[in-house]
Amino acid sequence: MKAAVIYSYGKPEVFQIQDMPVPEIKANEVLIKVYASSVNPIDWKLRQGMLKYVFGSAFPIVPGYDVAGEIVKTGAEVKKFKTGDPVFCRLKNKYGGGYAQFAPAREDILAMKPEEISFHEAASVPLAALTALQALRDQGKIKKGDKVLINGAAGGVGHFALQIAKYYGAHVTAVCSSRHTKMMDELKPDVWIDYNTSDFLHGKEKYNIIYDVVGNKNFFSCFSKLTGKGAYITTQPYPSDFIQVGLSALIPGKSSHVIWVKSVGKDLEFLANLVKEGKMVPYIDKTFRLEDISLAHEYAESGHIEGKIVIEIT
Ligand SMILES: NC(=O)c1ccc[n+]([C@@H]2O[C@H](COP(=O)([O-])OP(=O)(O)OC[C@H]3O[C@@H](n4cnc5c(N)ncnc54)[C@H](OP(=O)(O)O)[C@@H]3O)[C@@H](O)[C@H]2O)c1
């Protein structure tokens, strides 16, 4: 099979497109013929070597956690899915492995691809939308009427978080630049703050949840902007954030959280239903062919993506 492989950490050019053996599957896994993947920041952070002390360096590495495709083989213990099913998921393998024509996946991380969206759109959903859902629902305990601020509302995680928060009936404040005026006009947050002209930390408003997807604030800087039991949630697992999580646990009231996304098939089914009902729409900024993966990573690293970057795999 064709795959985008790295043999060392470095710039986007370290990718090589080459033939690899089709992965073997275990009894509780399926083999997915991958039609599309997507780029998440963890992919380029991994490629740069930023995570080498966490993940090690077992080259060759095929990155890419998101996949959408068709099941071509099922293990003996697989019950819910069958050959031919169109599915999507966030792969649970250490380095991903989604930038390839085939990928193995456990059945408990899969969901059926909604008919309403293409494989390209489906591949843009899993990692980013699971991160949005699990943070708001499980850590923020979001409920109707909550005031929720999303810092970084136009990117992969942020644009899903905005839509999920609205689905839960929250009053949503979106923070992003005016590059994303059209997207914000369409997604209709209750309040939109352009971070180039004002800083939400200087406003009077208090929030039940501040979801810092960008990670350029912290629990202490947001403290006075949280309501009595407000939650600050960051996607950035910096050591200082874990210290703040620990400290906040000692103080009753406001809390600090670091989200670490999990591959959960049931959560993905929930998100698939939101897509079916038109309550969550994936935005695709650009699509690149697998052969152009270096260009896709270069673009992703610019940091001003609107929605998601999709990788087309034929
Ligand atoms: N811990 C986890 O489990 C987990 C899971 C997923 C993601 N993450 C992390 O979360 C971060 C975001 O991920 P992502 O997929 O959303 O990334 P992304 O799609 O690359 O996010 C890009 C967005 O960030 C916005 N942005 C940049 N600077 C900003 C600022 N100062 N204020 C507000 N918005 C700003 C950009 O908007 P403008 O164009 O307006 O600047 C752009 O829309 C990454 O660091 C990623 O590694 C962590």
Side-chain angles (χ1 to χ4, degrees), residues 37-48 50-51 54-55 63-66 90-92 96 123-140 149-164 173-185 187 189 191-202 210-218 221-222 232-239 241-242 245 256-264 267-268 271 282-286 296-311:
S37 182
S38 89
V39 180
N40 290 288
I42 192 169
D43 303 331
W44 54 258
K45 290 177 186 176
L46 172 76
R47 193 214 70 234
Q48 287 180 351
M50 281 169 73
L51 304 169
V54 185
F55 286 9
Y65 290 93
D66 283 333
R90 171 196 178 259
L91 295 170
K92 212 175 174 178
S124 75
V125 171
L127 192 150
L130 286 169
T131 308
L133 174 70
Q134 292 167 1
L136 293 171
R137 181 196 61 191
D138 304 340
Q139 298 184 311
L149 179 136
I150 296 155
N151 187 34
V157 177
H159 88 296
F160 287 129
L162 193 168
Q163 298 178 74
I164 291 168
T173 299
V175 181
C176 64
S177 74
S178 57
R179 268 183 287 269
H180 310 293
T181 304
K182 184 168 174 286
M183 180 194 240
M184 291 301 125
D185 283 349
L187 295 183
V191 180
W192 171 32
I193 298 175
D194 177 356
Y195 65 79
N196 286 313
T197 54
S198 57
D199 184 342
F200 71 88
L201 293 181
H202 297 152
I210 295 180
Y211 189 14
D212 186 5
V213 179
V214 181
N216 61 354
K217 308 287 191 247
N218 60 49
S221 67
C222 291
Y232 168 84
I233 310 169
T234 178
T235 59
Q236 307 296 324
Y238 295 130
D241 287 302
F242 286 111
V245 169
S256 179
H257 308 262
V258 177
I259 176 71
W260 194 252
V261 65
K262 296 185 192 70
S263 303
V264 182
D267 285 354
L268 204 49
L271 294 164
Y283 276 63
I284 296 178
D285 185 321
K286 272 189 201 293
H297 269 224
E298 203 176 293
Y299 183 64
E301 286 173 57
S302 75
H304 297 295
I305 312 309
E306 183 168 288
K308 294 283 306 175
I309 298 170
V310 166
I311 305 300

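Every value quoted in this text rests on a predicted model; they were computed, and no experiment measured them. Counting starts at 1 for both ligands and their atoms, in listed order.
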Under 4.0 Å, heavy-atom basis, I'd like to know which part of [X] is in contact with ligand 1: side chain, backbone, both or neither.
| X | value |
| --- | --- |
| Tyr195 | side chain |
| His180 | side chain |
| Val258 | neither |
| Val157 | both |

From the list Ile210, Leu162, Ile193, Ile150, side-chain contact (heavy atoms from CB on, under 4.5 Å) with Thr173 holds only for Ile193
Per side-chain contact (heavy atoms from CB on, under 4.5 Å), Lys262 is matched among Gln134, Arg90, Lys92 by Gln134
Could you tell me if the side chain of [Y] sits less than 4.5 Å from the side chain of [X], heavy atoms only?
| X | Y | result |
| --- | --- | --- |
| Phe160 | Leu133 | no |
| Leu187 | Tyr283 | yes |
| Phe200 | Cys222 | yes |

Ranking Gly215, Gly155, Ala128 by closest non-hydrogen atom to atom 23 (C) of ligand 1, top hit is Gly155
Review point. Step by step, would you call Ile259 with Asp138 a side chain to side chain contact (heavy atoms under 4.5 Å, CB included)?
Key: CA-CA 9 Å; Ile259 176 71; Asp138 304 340; over 6 Å; no
Are the side chain of [X] and the backbone N or O of [Y] linked by a donor-acceptor pair below 3.5 Å?
| X | Y | answer |
| --- | --- | --- |
| Asp66 | Leu127 | yes |
| Ser177 | Asp194 | no |
| Asp199 | Leu201 | yes |

Considering non-hydrogen atoms of the protein only, which is the closest contact for [atom], and what is the distance?
| atom | result |
| --- | --- |
| atom 47 (O) of ligand 1 | Lys45 NZ, 2.7 Å |
| atom 27 (C) of ligand 1 | Gly303 O, 3.7 Å |
| atom 9 (C) of ligand 1 | Thr235 OG1, 3.5 Å |
| atom 35 (C) of ligand 1 | Val214 CG2, 3.5 Å |
| atom 3 (O) of ligand 1 | Val261 N, 2.9 Å |
| atom 2 (C) of ligand 1 | Ile259 O, 3.5 Å |
| atom 19 (O) of ligand 1 | Gly156 N, 2.8 Å |
| atom 13 (O) of ligand 1 | Pro41 CG, 3.6 Å |

Per side chain to side chain donor-acceptor pair (under 3.5 Å), Asp212 is matched among Asn151, Thr234, Asn218 by Asn151
Going by distance only, is there an N or O of [X] that falls short of 3.5 Å from an N or O of ligand 1?
| X | result |
| --- | --- |
| Arg179 | yes |
| Ala300 | no |
| Cys176 | no |

List every atom of ligand 1 that sits less than 4.0 Å from any heavy atom of [X], numbering the atoms from 1 in the order shown and giving each element.
| X | value |
| --- | --- |
| Gln236 | 9 (C), 10 (O), 11 (C), 44 (C), 45 (O) |
| Val213 | 10 (O), 11 (C), 12 (C), 16 (O) |
| Leu127 | 5 (C), 6 (C) |
| Gly152 | 33 (C), 34 (N) |
| Asn151 | 32 (N), 33 (C) |
| Trp260 | 1 (N), 3 (O) |
| Ser177 | 38 (P), 39 (O), 40 (O) |

Distance under 6.0 Å and angle within 45° of the ring axis: does Lys286 meet both against Tyr299?
yes
Check: Looking only at heavy atoms of Lys308, does any of them come nearer than 4.0 Å to an atom of ligand 1?
Finding: no
With a 4.0 Å cut-off on heavy atoms, does Asn216 reach ligand 1?
yes
- Evaluate the criterion side chain to side chain contact (heavy atoms under 4.5 Å, CB included) for residue pair Val213 and Thr131; output intermediate values, then yes/no. CA-CA 10 Å; Val213 179; Thr131 308; over 6 Å; no
Does the pair Gln48 and Glu301 meet the rule for a side chain to side chain contact (heavy atoms under 4.5 Å, CB included), with working shown?
-> CA-CA 11 Å; Gln48 287 180 351; Glu301 286 173 57; 2.9 Å; yes
message: Whether the Tyr65 and Asp43 side chains hold a donor-acceptor pair (N or O, under 3.5 Å, no angle test) is what I'd like checked.
response: no
Steps toward side chain to side chain contact (heavy atoms under 4.5 Å, CB included) verdict (Val214, Tyr195): CA-CA 12 Å; Val214 181; Tyr195 65 79; over 6 Å; no
